[in-house]
Participant: 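Input: one structure, supplied below.
In what follows, every chain begins at residue 1, and chains take the letters A, B, ... in the order their sequences are listed. Note that the structure is predicted; figures quoted are calculated from it, not measured.
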Amino acid sequence: MQLPPALCARLAAGPGAAEPLPVERDPAAGAAPFRFVARPVRFPREHEFFEDGDVQRHLYLQDVLMQVADAPEKPRVPAFACQVAGCCQVFDVLDDYEHHYHTLHGNVCSFCKRAFPSGHLLDAHILEWHDSLFQILSERQDMYQCLVEGCTEKFKTSRDRKDHMVRMHLYPADFRFDKPKKSRSPASAEAPGDSGERSEGEAMEICSEPVAASPAPAGERRIYSHRIPSTICFGQGAARGFKSNKKKTKQC
Amino acid sequence: MWSRRQGRLRPTVCGVEELRRRRREREAALRKARREQQLVSKRLLRDDTPEEAGEGCVAAILGETEVQQFLRQAQRGTEEKEREGALVSLRRGLQHPETQQTFIRLEGSMRTLVGLLTSNQALLQLEAARCLHELSHSEQSTVAEACLPATSYLLTYLSGHSSDFIELCLYTLGNLIVESEAVRRQLLPQGIVPALAACIQSPHVAVLEALGYALSQLLQAEEAPEKIIPSSILASTLPQHMLQMLQPGPKLNPGVAVEFAWCLHYIICSQVSNPLLIGHGALSTLGLLLLDLAGAVQRTEDAGLELLACPVLRCLSNLLTEAAVETVGGQMQLRDERVVAALFILLQFFFQKQPSLLPEGLWLLNNLTAISPSFCTSLLSLDLIEPLLQLLPVSNVVSVMVLTVLCNVAEKGPAYCQRLWPGPLLPALLHTLAFSDTEVVGQSLELLHLLFLYQPEAVQVFLQQSGLQALERHQEEAQLQDRVYALQQTALQG
């Protein structure tokens with residue numbers, strides 16, 4: 001197929017529309033038995049016209065495996081330690097360090113040092129756990145925001161919020177990050193008391209409803225209990241701000 | 001995409017012929033699937049480390065005890081390296097469908113894996129995600145659906161910061177999405193669309209490509225036109241972002257653009273709310289992208305350009321059928337003559353490299369010329385009639401489309417037909433009249449009729465070149481008779 005040489009020049013030149021030649025139709029043009037009508041055509045999704053292109057698209061999708069063979073080995077660097085205070089992990093691959101940093105040290109709550117998977121959850125946590133105004137307001141209005149991105153529903157209690165997330169958003173009832181070491185059979189109820197190992201950075205977050213009108217000082221939001229959790233919690237605790245009631249009352 | 005995936009061809013264990021045979025097999029399977037409207041493809045991200053590749057043998061199938069062992073080790077091992085190693089072994093085993101089946105049948109296995117996925121050990125998390133990814137890629141629904149408990153976590157991680165991890169989560173989600181409507185019925189309420197919309201702000205090219213993939217899978221779903229596109233997609237900021245990804249310029253990444261072009265195609269051909277897209281400047285963005293593609297073709301940047309050209313052509317063609325095209329403001333319309341030039345450069349490229357895409361290119365040409373005298377004029381002034389005629393021998397489908405485009409030009413009146421005559425058109429028509437395909441001949445008759453009407457001088461030459469004999473061949477054909485007769489009359493009287 002030979003293209004006129006001037007075509008490339010036209011492509012390279014500036015935009016512009018051709019001044020149309022005068023249109024002058026004779027009614028005899030469309031007279032029977034002739035039936036041509038100039039019209040734009042549209043094809044819906046499943047039309048067979050798209051078969052070839054679709055097949056090529058899928059070959060491409062499948063082909064990625066064929067081409068991803070010898071991934072270049074990730075460059076190694078002289079081993080170095082994570083610089084964050086209290087963390088002693090050592091790395092010799094930068095990507096691994098990046099992932100470690102984002103997982104454990106990114107989105108960290110400055111109050112209680114807990115790490116969260118995203119900024120969104122961190123913000124929710126700070127609001128609900130470390131903002132005294134929040135607690136006061138939540139007694140009068142619905143303040144617990146649904147955690148699903150895009151949902152604007154708010155609830156009176158974190159339990160209500162959890163129920164909403166389970167019912168409407170099909171979230172698992174035990175939605176949490178940083179599970180304990182002990183594996184549990186699917187049948188057992190969530191008994192937080194089990195996780196006796198509150199070892200640094202691994203114990204599950206268990207919280208119960210904050211008691212109304214609690215005399216807890218500013219900054220202390222939750223009272224730990226060993227009841228079945230009624231909230232959805234998350235957080236990979238690097239270090240706990242407080243571990244028991246006793247410690248709290250000391251600060252009173 | 002191009003730089004990442006290319007140039008890493010596997011040292012072929014099997015010969016070129018074997019590869020070609022496999023490809024033909026896969027193509028046949030895909031065609032069959034498409035005809036049954038069951039076209040499903042998953043993408044697998046598998047980084048074979050040199051050690052793994054060097055082993056030279058495929059990973060072994062794992063039995064139930066081994067799977068249990070690795071899981072336990074990963075969960076309770078004392079040394080981090082040991083735990084990670086256990087997961088790596090599990091992951092390798094999971095490359096086998098048998099191991100996948102064993103895994104999903106083991107009680108508590110997914111729960112343990114999800115626990116590792118959400119642990120605070122970054123590398124464990126990554127390996128657990130890789131295991132999940134292997135499972136998501138399975139062709140067996142039971143295996144993929146076993147991954148459902150993990151989806152809410154995968155979605156949460158999309159708003160994290162580790163780009164490799166996010167990429168992995170996205171491909172995993174994309175594989176799960178395409179699995180079944182049941183899976184999508186869970187993912188949609190879990191907020192997958194807002195999660196994707198938030199993720200599209202990522203500066204990482206690999207993440208964007210993965211996002212485009214996941215989104216394209218969602219949009220390709222059968223129920224998408226009714227249940228997904230109107231409510232979720234169009235209500236979000238995704239359409240505008242998608243168009244941004246398609247804007248030509250230094251920031252355009254071909255791999256990313258391919259994915260989002262397909263996303264756009266699925267939205268547009270669903271015909272849910274195309275005026276909205278036109279309002280966002282889809283026509284001008286896609287038009288400019290077409291110019292860019294033609295430029296790339298000229299620079300002989302081969303590398304799979306047709307993968308991007310195809311959805312772009314489809315989007316443009318379908319959008320041009322919208323009434324909104326006429327009413328929308330000047331800038332938003334498509335009037336630039338360079339589009340025609342670009343299209344022909346692409347047609348030539350298809351002619352040489354991918355003839356099966358010629359109909360798609362000609363479809364756009366039809367939609368451009370059908371209602372626009374300006375584009376018809378461009379076809380004439382840029383001397384594109386002859387190149388167009390050169391496509392006639394390719395196939396019957398292509399012939400019909402070429403003739404239709406020529407009819408689009410001719411029907412605009414004498415001023416246009418004058419430019420079609422004299423020239424290669426009449427000889428070409430005499431040639432197509434000799435075809436046996438009824439549709440090709442029928443379209444040739446339509447074009448002849450227009451030519452005779454607006455350019456009567458052509459009749460004489462037609463007669464001189466044995467035109468009547470060419471017509472006679474078809475006088476018995478039911479679909480052609482009337483028109484043949486009418487033309488014979490015109491010729492004899494003229």
Participant: Show, in sequence, the C-alpha distance, side-chain angles and deciding distance for Asp54(A) and Arg314(B), and conclude whether the salt bridge (charged side-chain N to carboxylate O under 4.0 Å, His left out) test is met.
Facilitator: CA-CA 11 Å; Asp54(A) 282 357; Arg314(B) 292 180 180 190; 2.8 Å; yes
Participant: How about Leu11(A) and Gln298(B): do any of their side-chain heavy atoms sit closer than 4.5 Å?
Facilitator: yes
Participant: Which atoms of Val55(A) come close to chain B, meaning under 4.5 Å heavy atom to heavy atom: side chain ones, backbone ones, both, or neither?
Facilitator: both
Participant: So what's closer than 4.5 Å to chain B heavy atoms on Glu19(A): side chain, backbone, both or neither?
Facilitator: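 Interface part for Glu19(A): backbone (N, CA, C, O).
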Participant: Closest approach of Glu411(B) and Ala38(A), non-hydrogen atoms and distance?
Facilitator: OE2-CB, 3.7 Å
Participant: For Ala224(B), is it the side chain, the backbone, both or neither that has a heavy atom under 4.5 Å from a heavy atom of chain A?
Facilitator: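 Side chain only.
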Participant: Quick one: which of Pro359(B), Ser216(B), Ala294(B) has the most heavy-atom pairs under 4.5 Å with chain A, could you say?
Facilitator: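 Winner by heavy-atom pair count: Pro359(B).
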Participant: Heavy-atom cut-off 4.5 Å, strictly under: side chain, backbone, both or neither for Gln348(B) against chain A?
Facilitator: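 For Gln348(B), heavy atoms of backbone and side chain both lie under 4.5 Å from chain A.
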Participant: For chain A, which of Leu123(B), Leu117(B), Val193(B) has the most heavy-atom pairs under 4.5 Å?
Facilitator: Leu123(B)
Participant: Just wondering, more than 12 heavy atoms not from Phe91(A) lying within 6.0 Å of its CZ?
Facilitator: yes
Participant: Determine, stepwise, if the pair Asp482(B) / Arg35(A) fulfils salt bridge (charged side-chain N to carboxylate O under 4.0 Å, His left out).
Facilitator: CA-CA 11 Å; Asp482(B) 298 339; Arg35(A) 44 204 192 234; over 6 Å; no
Participant: Given that the side chain runs from C-beta out, which part of Phe49(A) has a heavy atom under 4.5 Å from chain B: side chain, backbone, both or neither?
Facilitator: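 Interface part for Phe49(A): both.
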Participant: Would a distance-only check, ignoring hydrogens and angles, find a side-chain to backbone donor-acceptor pair under 3.5 Å from His99(A) to Ser162(B)?
Facilitator: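 Side chain of His99(A) to backbone of Ser162(B), a donor-acceptor pair under 3.5 Å: no, none is there.
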Participant: Could you check whether any side-chain N or O of Tyr416(B) sits under 3.5 Å from a backbone N or O of Leu21(A), counting only pairs where one atom can act as donor and the other as acceptor?
Facilitator: yes
Participant: With chain A, which of Cys376(B), Ala197(B), Pro414(B) has the greatest number of heavy-atom pairs at distances under 4.5 Å?
Facilitator: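 Of the candidates given, the most pairs with chain A belong to Pro414(B).
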Participant: On the 0 to 90° scale, with breaks at 30° and 60°, tag the His161(B)-His102(A) ring pair as parallel, tilted or perpendicular.
Facilitator: tilted
Participant: For chain A, which of Ala415(B), Ser378(B), Gly191(B), Cys407(B) has the most heavy-atom pairs under 4.5 Å?
Facilitator: Cys407(B)
Participant: Can you tell if the side chain of Pro172(A) reaches within under 4.5 Å of the side chain of Pro149(B), non-hydrogen atoms only?
Facilitator: no
Participant: Any donor-acceptor pair under 3.5 Å linking the side chain of Asp336(B) with the backbone of Pro15(A)?
Facilitator: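 Not a single qualifying donor-acceptor pair exists.
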Participant: By a 4.5 Å heavy-atom criterion (distance strictly below it), what part of Arg39(A) contacts chain B: side chain, backbone, both, or neither?
Facilitator: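 For Arg39(A), the contact with chain B is made by the backbone alone.
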Participant: What part of Phe344(B) lies closer than 4.5 angstrom to a heavy atom of chain A: side chain, backbone, both or neither?
Facilitator: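 Answer is both: backbone and side chain atoms of Phe344(B) are under 4.5 Å from chain A.
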Participant: Gln443(B) and Phe36(A): side-chain contact (heavy atoms from CB on, under 4.5 Å), yes or no, with the steps?
Facilitator: CA-CA 8 Å; Gln443(B) 208 64 28; Phe36(A) 176 76; 3.5 Å; yes
Participant: Suppose we call two aromatic rings close when their centres sit under 6.0 Å apart. Are Phe50(A) and Trp363(B) close by that rule?
Facilitator: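 Here the rings of Trp363(B) and Phe50(A) have centres that are less than 6.0 Å from each other.
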Participant: Evaluate whether atom CZ of Phe80(A) has more than 12 neighbouring non-hydrogen atoms of other residues, nucleotides or ligands under 6.0 angstrom away.
Facilitator: yes
Participant: Do you know which of Met168(A), Arg57(A), His169(A) has the most heavy-atom pairs under 4.5 Å to chain B?
Facilitator: Arg57(A)
Participant: Does Arg42(A) form a salt bridge (charged side-chain N to carboxylate O under 4.0 Å, His left out) with Glu322(B)? I'd like the steps, not just the answer.
Facilitator: CA-CA 9 Å; Arg42(A) 69 163 52 148; Glu322(B) 298 289 333; 3.2 Å; yes
Participant: If you look at every heavy atom in Pro40(A) and Asn366(B), which pair is closest and at what distance?
Facilitator: CA-ND2, 4.1 Å
Participant: Pick one of side chain, backbone, both or neither for Cys151(A), based on which atoms fall under 4.5 Å of a heavy atom in chain B.
Facilitator: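 Looking at Cys151(A), nothing touches chain B.
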Participant: Gln56(A), Glu98(A), His120(A): which one forms the most heavy-atom pairs within less than 4.5 Å of chain B?
Facilitator: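 Answer, by heavy-atom pair count under 4.5 Å with chain B: Gln56(A).
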Participant: Between Trp262(B), Tyr454(B), Phe375(B), Phe165(B), which shows the greatest number of heavy-atom pairs under 4.5 Å with chain A?
Facilitator: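 Winner by heavy-atom pair count: Trp262(B).
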Participant: Heavy-atom distances under 4.5 Å only: say whether Ala342(B) touches chain A with side chain, backbone, both or neither.
Facilitator: both
Participant: Counting only heavy atoms closer than 4.5 Å, note whether Cys310(B) contacts chain A via side chain, backbone, both or neither.
Facilitator: side chain
Participant: Where do Ser356(B) and Glu51(A) land on the side chain to side chain donor-acceptor pair (under 3.5 Å) test, with the steps shown first?
Facilitator: CA-CA 10 Å; Ser356(B) 60; Glu51(A) 184 179 305; over 6 Å; no
Participant: Is the backbone N or O of Ala12(A) less than 3.5 Å from a side-chain atom of Arg338(B), with the two atoms forming a donor-acceptor pair by type?
Facilitator: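 No, the answer is negative, given that no donor and acceptor are paired below the 3.5 Å cut-off.
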Participant: Any side-chain to backbone donor/acceptor pair from Ser374(B) onto Ala17(A)? Under 3.5 Å, distance only.
Facilitator: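 It does not hold such a pair.
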Participant: Starting from the C-alpha separation in whole Å, work towards a yes-or-no answer on side-chain contact (heavy atoms from CB on, under 4.5 Å) for Ile345(B) and Leu7(A).
Facilitator: CA-CA 8 Å; Ile345(B) 291 171; Leu7(A) 199 66; 4.1 Å; yes
Participant: Might you work through the side-chain contact (heavy atoms from CB on, under 4.5 Å) test for Leu59(A) and Arg26(B), ending with a clear yes or no?
Facilitator: CA-CA 8 Å; Leu59(A) 277 173; Arg26(B) 281 194 295 137; 3.9 Å; yes
Participant: Can you tell which part of Gln390(B) gets under 4.5 Å to a heavy atom of chain A, answering side chain, backbone, both or neither?
Facilitator: side chain
Participant: Of the backbone (N, CA, C, O) and the side chain (C-beta and beyond), which part of Leu380(B) lies under 4.5 Å from a heavy atom of chain A, both, or neither?
Facilitator: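 For Leu380(B), the contact with chain A is made by the side chain alone.
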Participant: Got a donor-acceptor contact below 3.5 angstrom from the Arg45(A) side chain to the Tyr266(B) backbone?
Facilitator: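 Yes.
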Participant: Taking all atoms of both residues into account, what is the closest heavy-atom pair of Leu30(B) and His58(A), and its distance?
Facilitator: CD2-CB, 3.7 Å
Participant: Using the side-chain contact (heavy atoms from CB on, under 4.5 Å) rule, take Asp174(A) and Arg111(B) through it: C-alpha gap first, then chi angles, then the decisive distance, then the call.
Facilitator: CA-CA 11 Å; Asp174(A) 62 347; Arg111(B) 191 181 187 79; 3.2 Å; yes
Participant: Hey, are Glu80(B) and Gln89(A) close enough side-chain-wise for a donor-acceptor pair under 3.5 Å?
Facilitator: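 Side chains of Gln89(A) and Glu80(B): pair found under 3.5 Å.
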Participant: Need one label for Ala6(A): side chain, backbone, both or neither, based on atoms under 4.5 Å from any heavy atom in chain B.
Facilitator: neither
Participant: Is the side chain of Asn318(B) donor-acceptor paired with the backbone N or O of Phe43(A) at a distance under 3.5 Å, no angle test?
Facilitator: yes
Participant: Please flag which part of Leu313(B) lies under 4.5 Å from any non-hydrogen atom of chain A: side chain, backbone, both or neither.
Facilitator: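 No part of Leu313(B) comes within 4.5 Å of chain A.
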Participant: Quick check: do Leu382(B) and Pro4(A) have side-chain heavy atoms less than 4.5 Å from each other?
Facilitator: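 Heavy-atom side-chain distance check fails, nothing below 4.5 Å.
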Participant: Are a donor atom and an acceptor atom from the side chains of Thr156(B) and Glu149(A) found within less than 3.5 Å of each other?
Facilitator: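 On atom types as modelled, these side chains do not qualify, holding no pair under 3.5 Å.
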Participant: Looking at side-chain heavy atoms only, is the closest gap between Glu46(A) and Arg34(B) below 4.5 Å?
Facilitator: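 With C-beta onward as the side chain, the pair touches.
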Participant: Looking only at heavy atoms and a cut-off of under 4.5 Å, which of Arg419(B), Gln352(B), Lys42(B), Gln354(B) has the most pairs with chain A?
Facilitator: Gln354(B)
Participant: Only pairs of heavy atoms separated by less than 4.5 Å count here; which of Gly150(A), Ala28(A), Ala29(A) has the most with chain B?
Facilitator: Ala29(A)
Participant: Does Leu170(A) offer a backbone N or O that forms a donor-acceptor pair with the side chain of Gln190(B) under 3.5 Å?
Facilitator: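 It does hold such a pair.
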Participant: What part of Ala32(A) gets closer than 4.5 Å to chain B, counting heavy atoms only: side chain, backbone, both or neither?
Facilitator: neither
